[in-house]
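Accompanying notes for the structure given below.
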Amino acid sequence: MAQLSDDCFAFAGALLPIEEVERLLGERVAPVAEIETVRLDQAFGRVLARDVVALIDLPPFDNSAVDGYAVRSRDLAPDADTTLAVAGRAAAGHAAAQALAPGAAIRIFTGAPMPQGADTVFMQEDVRREGETVTVPPGLAAGANRRLAGEDVRAGTTLLTAGRRLSASHVALAAAVGLTQLPVRRRIRVAVLSTGDEIVEPGAARPRAALFDANRYLLAGLLAGLGAQATDLGIVRDELAAIERAIAAAAEQHDLVLSSGGVSTGEADHVRSAVESIGRLVFWRVAVKPGRPVAMGVIPAAQPDSSAAFVGLPGNPVAVFVTFARVVRPLWARLAGAVLDPLVPLPVRSTFAYRKRTGRREYVRVALRRGPDGVIEAVKHAQDGAGVITSLTETDGLVELLEPVTAIAPGDSVGFLSYAALVG
Ligand code: AMP
Ligand code: MG
């Protein structure tokens with residue numbers, strides 16, 4: 001289980017800014033220690049545990065980038081066509097049979113080793129082949145269409161750094177230098193529960209005043225996207241003792257326990273009290289909209305020096321999404337030893353006016369479209385309630401309005417974050 005430093009996150013302020021949340025997580029949460037070695041085909045989405053060094057050059061040998069004719073550039077006339085005798089053939093997968101003789105060309109195919117003495121390759125579309133000669137035009141730069149050994153990766157250099165979440169491209173790179181397995185951190189174990197007397201399981205009989213549970217499915221999908229190992233704890237009633245029991249039991253087996261709902265200050269909101277009684281509340285309000293009430297805490301487990309992190313997310317699905325992206329994902333990254341790429345908002349043009357309070361960060365659900373002048377525009381979803389799930393499914397991402405901003409107007413440049421960037 002996770003090792004969380006005992007004194008983490010003591011924070012007395014009312015609303016904790018997002019940057020402060022990230023700084024505290026970065027300072028105080030340590031990655032899980034266990035490292036395992038997995039085969040490449042099991043490595044997608046895992047977090048690399050150690051730097052990986054390339055043991056060979058990539059490409060491993062000089063080779064042709066095209067189908068055509070390998071030549072020696074100094075044999076060519078600078079301003080006129082040059083006719084060369086075709087003396088040999090070099091195919092992919094076969095060591096070059098012979099060296100290139102002066103004044104000659106060798107028929108060569110993509111990926112074939114460059115014959116000794118050849119430094120340049122003409123594409124077959126650019127030459128005139130007549131019998132056993134080939135005529136090439138002037139003007140091709142020396143070295144054209146040749147791939148040099150090590151131009152992609154040099155033997156001895158660091159190929160992938162620890163903390164990297166392995167995408168298909170990273171695994172392909174490891175394969176290309178001949179690796180068969182990679183050291184990764186173990187997956188983070190996350191327990192997920194919903195709270196609420198009004199929440200019922202999809203498919204169950206639904207009383208008139210009840211809602212089907214959307215949040216557990218939202219969280220399951222978001223956690224799968226991070227490569228975490230999720231356990232579904234179902235729906236817990238709005239009852240302090242039941243919530244305490246569920247969280248305490250989950251803390252024994254998991255690195256992180258996530259709940260949704262029950263975290264505000266209503267009479268039926270017991271999550272905060274539950275965390276205060278069985279563990280330690282670290283903060284419970286974050287300066288983010290949608291989202292604001294987010295309880296973060298540490299729940300001790302029976303095993304000495306072991307504890308689970310806890311995050312109590314709001315109940316409204318859109319608030320769950322936003323607080324997952326801005327609080328849970330960075331916390332997961334710390335536990336998982338993953339280094340997240342910084343979120344870089346892309347500038348787009350707002351089509352809408354918006355007012356906000358200073359001191360908190362706000363996220364506006366928008367769809368992108370191309371404006372009449374070709375510039376990409378952000379169109380705000382018509383419904384901005386935090387419970388409107390279609391406002392997520394009908395949009396492309398979030399416009400991020402930073403703490404000092406008070407208003408934006410149509411035509412202003414705003415920062416856009418795609419859903420893929422936010423939770424991928
Ligand atoms: P709460 O913070 O518990 O008052 O919840 C805020 C709003 O989110 C209420 O309207 C809840 O009905 C709704 N909500 C809570 N949990 C879920 C859930 N699992 N799925 C869908 N809506 C939920
Ligand atoms: Mg509730």
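Since the structure is predicted, the reported quantities are computational estimates derived from the model, not experimental observations. Note: hydrogens, waters and symmetry copies are ignored here, and every other heavy atom, side chains too, is used. Along the sequence shown, the residues carry numbers beginning at 1. Order of listing sets the numbers, starting from 1, for every ligand and every atom in it.
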N/O donor-acceptor pair under 3.5 Å between [X] side chain and [Y] backbone:
X	Y	answer
D238	D197	yes
R285	V294	no
R185	G337	no
T351	A378	yes

Among all protein heavy atoms, pick out the one at the shortest distance from [atom]; state its residue, atom name and that distance to 0.1 Å.
atom	value
atom 10 (O) of ligand 1	N316 OD1, 4.1 Å
atom 4 (O) of ligand 1	D269 OD1, 4.1 Å
atom 19 (N) of ligand 1	D213 OD1, 2.7 Å
atom 17 (C) of ligand 1	N215 ND2, 3.2 Å
atom 21 (C) of ligand 1	A214 N, 3.8 Å
atom 14 (N) of ligand 1	G315 O, 3.2 Å
atom 11 (C) of ligand 1	E198 OE2, 3.1 Å

Contact list for residues 37-49, test salt bridge (Lys or Arg N to Asp or Glu O under 4.0 Å), sequence neighbours left out:
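Those involving residues 37-49 are E36-R46, R39-D41.
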Regarding Q253 and T231, do their side chains bring together a donor and an acceptor under 3.5 Å, going by distance alone?
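There is no such pair between these side chains.
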Does one side chain, of Q124 or R107, offer a donor that lies under 3.5 Å from an acceptor on the other?
yes
Partners of R326 by side-chain hydrogen bond (donor to acceptor under 3.5 Å, both in side chains), sequence neighbours excluded?
E22, Y363, E400
Has ligand 1 got any nitrogen or oxygen that is less than 3.5 angstrom from a nitrogen or oxygen of G261?
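Such a contact does not occur with ligand 1.
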Report the part of I235 (side chain from C-beta onward, or backbone N, CA, C, O) that has a heavy atom under 4.0 Å from ligand 1; answer both or neither where that applies.
neither
The atoms of ligand 1 lying under 4.0 Å from a heavy atom of L211, numbered in the order shown, are 12 (O), 22 (N)
Which ligand 1 atoms, with their elements, are less than 4.0 angstrom from a heavy-atom of S264?
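The atoms of ligand 1 under 4.0 Å from a heavy atom of S264 are 2 (O).
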Heavy-atom gap G262 to ligand 1 smaller than 4.0 Å:
yes
